[in-house]
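Here's the structure we're looking at; comments come further down.
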Amino acid sequence: MYKYSEFDEFFVRRRVEEFRDQVRRRLDGSLTEDEFKPLRLKNGLYLQLHAYMLRVAIPYGTFDSRQMRQLADIADKWDKGYGHFTTRQNIQFNWPKLADVPAILDALADVDMHAIQTSGNCIRNVTADHFAGAAADEIADPRPTAELLRQWSTDHPEFQYLPRKFKIAVSGSSRDRAVTKAHDIGLRSIRDAGGSPGYEVLIGGGLGRTPMIGAVVREFLPESELLAYVESILRVYNLHGRRDNKYKARLKILVHETGIEKLSREIEAEFAERKKWFAGVDPELIEALKSAFKPPEFNLSRTGAFERRLEKDSGFRAWADTNLFEHRCSAYSIATVSLKPIGGTPGDASANQMRALADIAERLGHDEIRASHEQNIILPHIRKDDLPEAYDVLAASGLQTANFGLVSDIIACPGMDYCALATARSIPIAQEISRRFAALGIEREIGSMKIKISGCINACGHHHVGHIGILGLERAGVENYQITLGGDATETAALGDRAGRGFSADELIPALERLVEAYLRLRDSCRETFLEAYRRLGPEPFRAALYPETGKLAA
């Protein structure tokens, strides 16, 4: 993985000292909260319902045991003993005291971490496929690209005050595990007919109150031209993006109002000008970045320990069947560690759980860890014969939940338990859904089912692209939950269809039960997923299950 240079170290330390002085002035009253707000947001510090929240960047979701242990120590020393992993592959601390934040940032800098550009109208943390560098279907490791974009975008003088926040995602596989079609810029690694590396470029994706799927603006962009082209997109957006209405300020609105063809011509014209003086990224830098992410030296020996454990341990087999994925090396597996225990808060990990994950990564996983946008942790390189030992450590820490991709593996934003913008609760809804379907004992019978929950229209829970999306709103002082159906966050991305009227919190779980029962009854085989059944049958039979009183779209 990438290691900080002397410049990186100097830059981050200088920002910490600058913010330390700003915090001091806020505490002694020299700065009002209104004056302090833009300063703290530049350093990832939010003011939530009950306390400050610090959002820490984990660039493209990649970190190691040293960094994980430091996050655990921060949780114990300055928070309430846990951290919350987010859909941006970051981690949030929900309870820091303002006076302690500079010390937290210092501790992060000790392990090459920071909170810069995790807020504000700038280029946010660049995300990537959480199986990066390990997936058997990978065309190219997306992390060198993501790191190049991170270095280019950090404190970029032209793009610190964009019309709105800006998000970039990179996928290195034909399968999209980075939700690239729901980002301002989505990059998918491909090769041209001659085998040269490059990208398919999408722009204008995004969720929130106006969800849109990104459109292809370049079918093939040579790898060497990436920065000039991305900078051209940003320049056009920065010049023409709306600043009169923050709800219409995202790139997706500019794409919608201008049209992809006209906007593409403007981007290409800007690109042609930039190429006149921009010769491309130094090839030595590109090679240095690729070298920083070279694969570890894999141990190809096999003892049969994995197969023997499968035969005698049903719990291990269930976990292996659900949470393991094919690795590029046949002697290894990619292990997803679920942060969604039944009845738990999606994405939360205690300090001790973080330390257990760090121990596994250091001893058994080539010291690599990933945070996924699905609020889970990935151990990307675990030798198959070491999986029984890794599983035992996970089980001792309450991290052995075998539910990846199942109905209880729910994405949920913090909702009204924490967020000042939320209009409804998300966490208790997720907890109740997981408890109910666990009690019914039908999770595995249901199979793949992506439920995503947002506590407001901002869609931090990605509900628009959930197979079942749940949006919590407030109606006349009462929480009301709208359901969308048929969303998809993968390479076949789609926005869910609104099913009909919303449900109260008490009505929601019975409605979901009816929906699942209808799916199990209507599917053409046990292998047909909910999404496949929905696409085959259309919305009406599922709406009829949700609204048995009419069987039709309710007002």
Side-chain angles (χ1 to χ4, degrees), residues 46-50 53 55 84-88 92 94 179 182 206-212 247 339-340 342-348 373-375 407-437 449-489 495-516 530 539 542-543 545-547 553-555:
Y46 292 72
L47 185 57
Q48 299 280 63
L49 276 177
H50 312 294
M53 178 271 283
R55 180 179 293 154
H84 176 73
F85 288 92
T86 77
T87 55
R88 195 101 210 116
Q92 294 179 180
N94 290 317
V179 206
L207 304 179
R209 65 181 59 235
T210 312
M212 295 184 185
Y247 302 117
L339 298 184
K340 321 285 180 57
I342 302 302
T345 299
D348 278 7
H373 77 271
E374 296 180 314
Q375 297 179 289
V407 69
S408 63
D409 183 20
I410 298 168
I411 289 178
C413 73
M416 281 184 65
D417 286 289
Y418 297 98
C419 183
L421 301 176
T423 51
R425 297 168 297 160
S426 298
I427 292 171
I429 298 299
Q431 292 170 324
E432 184 57 29
I433 291 171
S434 71
R435 289 191 193 103
R436 181 57 185 156
F437 284 99
M449 181 172 282
K450 302 281 190 178
I451 297 181
K452 307 180 192 291
I453 308 173
S454 299
C456 78
I457 198 67
N458 290 302
C460 294
H462 295 188
H463 67 276
H464 294 294
V465 290
H467 300 168
I468 299 173
I470 301 172
L471 169 62
L473 298 170
E474 181 269 331
R475 293 280 179 87
V478 178
E479 290 169 310
N480 183 272
Y481 294 90
Q482 293 180 356
I483 291 178
T484 53
L485 301 172
D488 179 10
L495 301 174
D497 305 309
R498 184 182 167 190
R501 65 169 177 83
F503 297 90
S504 70
D506 290 338
E507 295 172 324
L508 180 61
I509 306 303
L512 292 176
E513 281 190 51
R514 294 194 299 273
L515 181 66
V516 169
F530 175 83
F542 300 100
R543 285 174 173 159
L546 287 171
Y547 308 104
L553 180 64

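A quick note: this is a predicted structure, and the numbers were derived from the prediction, not measured. Residue indices begin at 1 and follow the sequence shown.
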- Query: Just how far is it from atom CD1 of Ile509 to atom CZ of Phe437, taken to the nearest 0.5 Å?
  - Reply: 7.0 Å
- Query: If we only count heavy atoms from C-beta on, is the Leu512 to Ile483 side-chain gap below 4.5 Å?
  - Reply: yes
- Task: Using the six-membered ring of Phe503, assess whether NZ or CZ of Arg501 lies under 6.0 Å from its centre and within 45 degrees of the ring axis.
- Result: yes
- Supply the atom-to-atom distance Cys413 SG to Lys452 NZ, rounded to the nearest 0.5 angstrom. 13.0 Å
- Are Ile411 and Gln375 close enough that some pair of their side-chain heavy atoms sits under 4.5 Å apart? yes
- Taking every non-hydrogen atom, the tightest pair across Cys456 and Ala422: CB-CA, 3.9 Å
- Item | From CD1 (Ile433) to CZ (Arg435), nearest 0.5 Å | 11.5 Å
- Query: If you measure from OH on Tyr547 to CZ on Arg514, what distance do you get to the nearest 0.5 Å?
  - Reply: 9.5 Å
- So, do Met53 and Tyr418 sit near enough that their side-chain heavy atoms are less than 4.5 Å apart? no
- Task: Enter the distance from Ile470:CD1 to Ile451:CD1 here, rounded to the nearest 0.5 Å.
- Result: 5.5 Å
- Message: Does any part of the side chain of Val516, heavy atoms only, come nearer than 4.5 Å to the side chain of Met449, both counted from C-beta?
- Response: yes
- Query: Excluding sequence neighbours, so at least two apart, what forms side-chain hydrogen bond (donor to acceptor under 3.5 Å, both in side chains) with Glu474?
  - Reply: none
- Test of ring centre spacing under 6.0 Å for Phe542 and Phe530: yes
- Query: Hey, are the side chains of Glu374 and His462 touching, using non-hydrogen atoms and a 4.5 Å cut-off?
  - Reply: no
- Please examine the side chains of Glu479 and Met416, heavy atoms only from C-beta on, and report whether any two atoms are closer than 4.5 Å. yes
- Task: State, with a plain yes or no, whether a side-chain heavy atom of Ile468 is found less than 4.5 Å away from one of Leu485.
- Result: yes
